[in-house]
Structure formats: structure tokens, C-alpha cells
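Worksheet: the structure to be examined is printed underneath.
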Amino acid sequence: MAKLRSVKGMNDLLPAEIGRWHRVERTFERMAERYGFAEVRTPILEPTELFVRSIGEVTDIVEKEMYTFEDKGGKSLTLRPEGTASCARAYLQHNVPNLEPVSKWYYLGPMYRRERPAKGRYRQFYQAGCEVYGDPGPHCDAEMIDMVVRFLEALGVRDVEVLINSLGSGDTRERYREALLAYLRPHAAKLSEDSQRRLERNPLRVLDSKAAQDQEIAADAPRLIDHLGEEDAAHFEELKATLDALGTPYQVDSSLVRGLDYYTRTLFEVRGRGGDLGAQNTLCGGGRYDGMIRDFGGPPVPAIGFAMGIERLLLSMEEAEGEAALDAFLVVQAPELRRDAVVLLRKLRDAGFRADADLRGKSMKSQFRRADKSGARWALVLGEQEKAAGEVRVKDLRGDFEGNVADGDELIAKLRG
Ligand code: HAM
């Protein structure tokens with residue numbers, strides 16, 4: 001029988017690696033909460049139509065990358081390729097626009113795209129993202145970009161580039177589309193097959209094509225930023241001025257379009273330059289999508305958001321230490337003391353410590369090896385002498401302290417200190 005293996009491009013995450021993941025996820029949760037965001041969890045499966053209508057029919061994600069299937073009832077379902085459309089659906093479905101003027105949501109979870117697997121590009125990958133509904137202003141955009149940069153700093157990822165652009169809105173987009181088409185049509189025969197097919201329906205997609213011949217033609221295309229209407233231009237200027245006031249470095253990249261159709265006005269990406277990233281160096285992508293809620297049949301609520309790929313964050317963090325899984329490891333001197341050890345462990349756990357022991361009756365040497373390997377700060381030793389004196393021997397594996405401490409409040413205080 002063939003060996004059973006995970007699906008190509010979908011990885012297991014074993015306990016040995018999870019400490020680094022927890023560090024990223026917890027730092028993200030704390031940061032998002034500090035900025036006033038609350039967590040939302042939506043289903044991993046959604047009706048296919050949700051993504052077709054929002055991400056756009058003529059995009060790589062919808063045309064080539066979605067995991068779509070019919071369930072037993074004949075309904076077309078898709079494993080979510082991203083979180084924005086699901087959040088907007090939930091926001092509307094639960095009538096949130098009528099309950100509060102501004103909503104700030106964050107999420108963490110797996111997404112699915114059938115891309116060609118490579119380092120930093122997987123078919124199941126995790127995103128950490130935020131979405132704000134109800135605030136149209138550029139200050140909200142600047143705060144969001146700054147928050148991403150602060151978050152990366154908190155993880156020790158400093159060597160990044162923040163790129164911003166504006167796609168304008170309404171009229172601007174229409175005028176630009178015409179100008180772009182007028183430029184691209186004479187080059188149509190030289191474009192890639194995908195771009196030729198997409199040209200008339202979605203000329204913007206030609207600009208973020210990965211094909212070399214398309215990129216060459218796109219380099220001289222008219223720039224959207226030169227076609228911005230007055231209000232769009234003022235919005236973009238205020239975004240830049242606010243980033244300046246925050247001291248957040250950025251570069252305007254007029255060629256930035258991103259691969260999803262729902263964007264309006266502000267667009268941004270954060271790219272990493274350090275670590276082990278390689279070609280997949282976009283850590284974070286986001287932007288405004290002021291039309292989505294209305295397009296879904298709701299009121300005209302403006303929105304902006306971003307998502308970061310957690311695997312790519314980890315690659316950019318190099319050898320960053322994860323959180324140790326344990327605070328204390330208890331070494332039991334003799335097998336007869338295991339019952340006392342279980343009682344002591346429960347006391348420690350009740351006091352909030354992550355504590356464990358090897359209760360198989362192995363040698364002290366082998367238990368100490370496990371204590372070292374566990375990453376726990378404290379090694380505790382329970383022996384006959386300690387038991388008789390109502391004490392525990394405490395050894396700080398990261399410091400100098402080693403001595404006997406009374407089992408009880410004194411021990412808890414010592415471990416807290
Ligand atoms: P996106 O640019 O498609 O945007 O994805 C955001 C991030 O997810 C990327 O920058 C990358 O770090 C990560 N990512 C995407 N695809 C993969 C993959 N195959 N393997 C590993 N990581 C990947 C969105 O998804 C939008 N929903 C962002 C957004 C939120 N816009 C507004 N709100």
C-alpha cells in the first residue's frame with residue numbers, strides 16, 4: 001500500500017515548531033487588541049459565489065487557485081482562499097452595520113490556494129488579518145499600516161519595505177481603465193495568453209501579471225496615480241502626511257495593483273528583505289475596498305484591511321526563539337515518590353505554571369536531560385530528604401540560583417520571581 005502523506009503544499013505543524021507560531025500569533029493578538037480590534041471566526045467553507053463576486057472572476061485566485069467542489073446536495077462550495085470576503089459576508093449577515101458605526105475585526109487561520117508550492121508559498125497557509133468597517137478616512141489607513149510595521153518590529157523583523165499606492169475610486173477608475181486599454185490594445189499580440197484573454201474585461205490584471213513579456217509592456221503603461229480625481233488625491237496626500245507624522249517609512253509605488261479586484265483607493269504591501277524569505281517576500285498585503293459591502297447588497301460602508309502570511313513571517317524571523325512550552329520540569333529522585341510528584345505538579349498547575357515531569361521511573365540523569373530539552377526555566381527536584389523536610393530543590397536553568405525552598409507559598413513565590 002502507498003504511504004499515507006499529507007496533501008501536496010499542505011504542511012503538518014508539529015509541537016517542536018509550535019513555540020515560534022505561538023509567539024507570532026500571541027504578539028499579533030495583543031497588538032490587534034491594543035489597537036481596538038476584536039477577533040472574529042468564520043467558516044473555512046463558503047459558497048463559491050462569495051469569492052467570485054468579491055475577488056473577481058478574472059483573477060488568478062478565482063480562475064486557477066480555488067479548491068471548489070460540489071457537496072452532496074449539489075451546492076458549489078470553496079475552501080476560503082482569503083479572509084476578507086468571509087468577514088464582509090458575516091458583517092452583513094449579522095446586521096452589524098446597524099449595530100455600531102465602526103467595527104474593527106481581526107482573524108487568524110488557514111487559507112487555501114492551489115498555487116505551485118515553493119518556499120514561502122503553500123496550498124494551505126495561515127493568515128493573520130484585520131478589517132475595519134465604517135471609517136472612510138486616510139487616518140485609519142495610516143494607523144493600520146503603522147500597526148503592521150510595529151507588529152513586525154515586535155517580532156524583530158525590521159528590514160522591511162512599505163509600498164503604498166492609490167487606485168482611486170469611481171470615476172477615476174473608469175477614466176483610468178479607458179487610458180490603460182488605449183495603451184494596451186496596440187500591444188495585445190505581444191501579451192501573455194492570460195493577459196490577452198483578460199485584456200478587455202479586466203485590464204488592471206495585466207499590470208500585476210508575473211509573465212516577463214507583460215511586465216515589460218506594463219512598465220510604460222499610464223499610471224493610475226496620475227489620473228486620481230481631486231478627492232482621491234487629497235485622501236492619498238493625507239495618508240502620506242499622517243505616515244510622515246508617525247515617522248513610518250514608506251515608498252510610493254505607482255505600479256502596485258495587487259491581484260484582487262475589490263480594492264479602491266489605498267493599497268499597500270510590506271515586503272521583507274532579510275531572513276530566509278527568497279522570492280516570496282511579500283509579508284503583508286492590504287488596502288481599501290469601499291465598494292464591497294454595497295456590492296453584497298448592504299449599505300455603502302467603507303472598509304480597509306490587510307493580511308499577513310504567518311509562514312513568511314516565520315521565514316523572515318530567522319532564528320527567532322519561540323516561547324518555551326514549560327515553566328518548570330520536575331525531576332523525581334526515586335520511583336516511590338511519583339505519587340507525591342503528581343500532587344506537587346497539580347499544585348503548580350493550579351498556580352498557573354506550565355509544569356511537567358517524566359513519571360516513567362527513569363534515572364535522574366535522563367530526567368535532567370529532559371528538563372534541559374524542555375526549555376523550562378526551572379528544574380525542581382523532589383527527593384526523600386526534601387519530602388521529609390516539606391521542601392523542593394529548585395534550580396534556575398537560566399540563572400545561578402540553586403537551593404531548597406519550602407513546598408507551598410514560598411515555592412510559588414520563588415517561581416514567580
Ligand atoms: P493577499 O495579498 O492575497 O491578500 O495575501 C496576503 C498575504 O498572505 C500575502 O502577502 C502572503 O504573505 C500571504 N500569502 C498569500 N498566498 C500565500 C501562499 N500561497 N502561501 C503562503 N502565504 C501566502 C489577501 O489575502 C487580502 N485578503 C488582504 C486584505 C485584507 N485586503 C483587505 N483586507
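Keep in mind that the numbers below use all heavy atoms, side chains included, and drop hydrogens, waters and symmetry copies. Whatever order the structure lists ligands and atoms in, that order sets their numbers, starting from 1.
For ligand 1, the atoms sitting less than 4.0 Å from at least one non-hydrogen atom of G287 are 32 (C), numbered in the order shown with element in parentheses. Taking every non-hydrogen atom of T84 and a distance limit under 4.0 Å, the qualifying atoms of ligand 1 come out as 26 (C), 27 (N), 29 (C), 30 (C), 31 (N), 32 (C), 33 (N). Taking every non-hydrogen atom of E131 and a distance limit under 4.0 Å, the qualifying atoms of ligand 1 come out as 30 (C), 32 (C), 33 (N). Near G285, with a cut-off below 4.0 Å to any heavy atom, the atoms of ligand 1 are 10 (O), 28 (C), 29 (C). Close approach of ligand 1 to C284 is summarised as follows: ligand atoms under 4.0 Å from at least one heavy atom of the residue are 10 (O).
R198 has no carboxylate O lying under 4.0 Å from a charged side-chain N of D214, or vice versa, which leaves the two without a salt bridge.
No side-chain heavy atom of E143 sits under 4.5 Å from any side-chain heavy atom of T242.
Only the backbone of L283 comes within contact range of ligand 1, with a heavy atom under 4.0 Å; no side-chain atom does. Residue contacts with ligand 1, taken as heavy atom pairs separated by less than 4.0 Å, do not involve Q280 at all. With a heavy-atom cut-off of 4.0 Å, R312 touches ligand 1 through its side chain alone.
The single protein non-hydrogen atom nearest to atom 7 (C) of ligand 1 is A307 O, 3.5 Å, given as residue, atom name and distance. With hydrogens left out, the protein atom closest to atom 9 (C) of ligand 1 is T282 O, 4.0 Å, a heavy atom. With respect to atom 26 (C) of ligand 1, the closest heavy atom belonging to the protein is Y262 OH, 3.4 Å. Protein heavy atom nearest atom 5 (O) of ligand 1, with residue, atom name and distance: Q127 NE2, 3.2 Å. Of all protein heavy atoms, the one lying nearest to atom 27 (N) of ligand 1 is E82 OE1, 2.5 Å. Regarding atom 4 (O) of ligand 1, its nearest protein heavy-atom neighbour is R258 NH2, 2.9 Å. Protein heavy atom at the shortest distance from atom 31 (N) of ligand 1 is Y263 OH, 2.7 Å.
Under 3.5 Å, the side chains of T84 and Y262 contain a donor-acceptor pair of N or O atoms. For the residue pair D232 / S169, a side-chain donor-acceptor distance below 3.5 Å is found, with atom types taken as modelled. In this model, no donor atom of one side chain and acceptor atom of the other lie less than 3.5 Å apart for S192 and D194. For the residue pair S6/D12, the side-chain donor-acceptor check at 3.5 Å is not satisfied. Side-chain contact annotation: Y107 with E131, donor-acceptor N/O pair under 3.5 Å present. Defined by atom type and a distance below 3.5 Å, a donor-acceptor pair is present between the side-chain atoms of T78 and T68.
Formation of a donor-acceptor pair under 3.5 Å by the E231 side chain with backbone atoms of A234 is not found in this model.
Geometrically, K8 does not engage Y122 in a cation-pi contact defined by less than 6.0 Å to the ring centre and at most 45° from the axis.
Closest heavy-atom approach to atom 21 (C) of ligand 1 within the set G286, G120, G309: this belongs to G120. Within the set F306, F125, Y122, Y289, the minimum heavy-atom distance to atom 23 (C) of ligand 1 is found for F125.
In this structure, Y126 falls outside the shell of residues with a heavy atom less than 4.0 angstrom from ligand 1. Under the 4.0 angstrom criterion for non-hydrogen atoms, M111 is not in contact with ligand 1. By the 4.0 Å heavy-atom criterion, E311 is excluded from the residues contacting ligand 1.
A side chain to side chain contact (heavy atoms under 4.5 Å, CB included) with P81 is found for exactly one of L260, D60, I61, namely I61.
Aromatic rings of Y263 and Y289 (six-membered ring for Trp) have centroids beyond the 6.0 Å cut-off, not under it.
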